[in-house]
Amino acid sequence: AYMLGAEGHLAQVRGQWEVAQKWFEQALEMTQGTRASGAEGRAQGYLADNYLHENNSSYAVRLLREALPKLNMSGDIE
């Protein structure tokens with residue numbers, strides 16, 4: 001899941017926002033139902049960035065609200 005997120009982040013840097021979203025969605029799907037809360041939170045945070053780029057701030061806020069407790073519990077501070 002972390003590698004999928006990294007691929008998505010690279011796509012963002014390249015300006016390939018649709019490609020990035022697919023990578024992040026795959027990462028999020030992979031983590032759901034597992035105990036990888038840090039990876040799940042990170043995928044949600046990256047997806048939120050994509051949705052902010054698309055001017056969909058309401059969904060981005062929802063993703064971030066879900067992501068922050070997961071990231072906090074896991075100690076993931078990137």
> When Phe24 is tested against each of Asp49, Val19, Leu47 for side-chain contact (heavy atoms from CB on, under 4.5 Å), which residue passes?
Replying inline: Leu47
>> Exactly one of Glu25, Glu18, Gln12 should register a side-chain contact (heavy atoms from CB on, under 4.5 Å) with Asn50. Which one does?
In response: Gln12
> Given Tyr2 and Arg42, is the side-chain contact (heavy atoms from CB on, under 4.5 Å) satisfied, shown in steps?
Replying inline: CA-CA 8 Å; Tyr2 283 107; Arg42 188 178 290 201; 3.8 Å; yes
> What class does the angle between the rings of Tyr59 and Tyr51 fall in, given that below 30° is parallel, 30 to 60° is tilted and above 60° is perpendicular?
Replying inline: perpendicular
> Quick check: are there more than 12 heavy atoms from other residues, nucleotides or ligands sitting under 6.0 Å from CD of Glu66?
Replying inline: yes
For the residue pair [X] and [Y], what are the closest heavy atoms and their distance?
{"X": "Leu71", "Y": "Gly38", "result": "CD2-O, 3.6 Å"}
{"X": "Ala67", "Y": "Gly45", "result": "CB-N, 4.1 Å"}
{"X": "Ala20", "Y": "Gly8", "result": "CB-O, 3.2 Å"}

> In Å, rounded to the nearest 0.5 Å, how long is the span from CD of Gln21 to CD of Gln26?
Replying inline: 11.5 Å
>> Quick check for you: to the nearest 0.5 Å, what is the distance between Leu68 atom CG and Lys70 atom NZ?
In response: 10.5 Å
> Looking at side-chain heavy atoms only, is the closest gap between Leu64 and Gln44 below 4.5 Å?
Replying inline: no
>> Membership question, hydrophobic clusters at under 4.5 Å side-chain separation (ILVMFWY): are Leu52 and Tyr46 in the same one?
In response: no
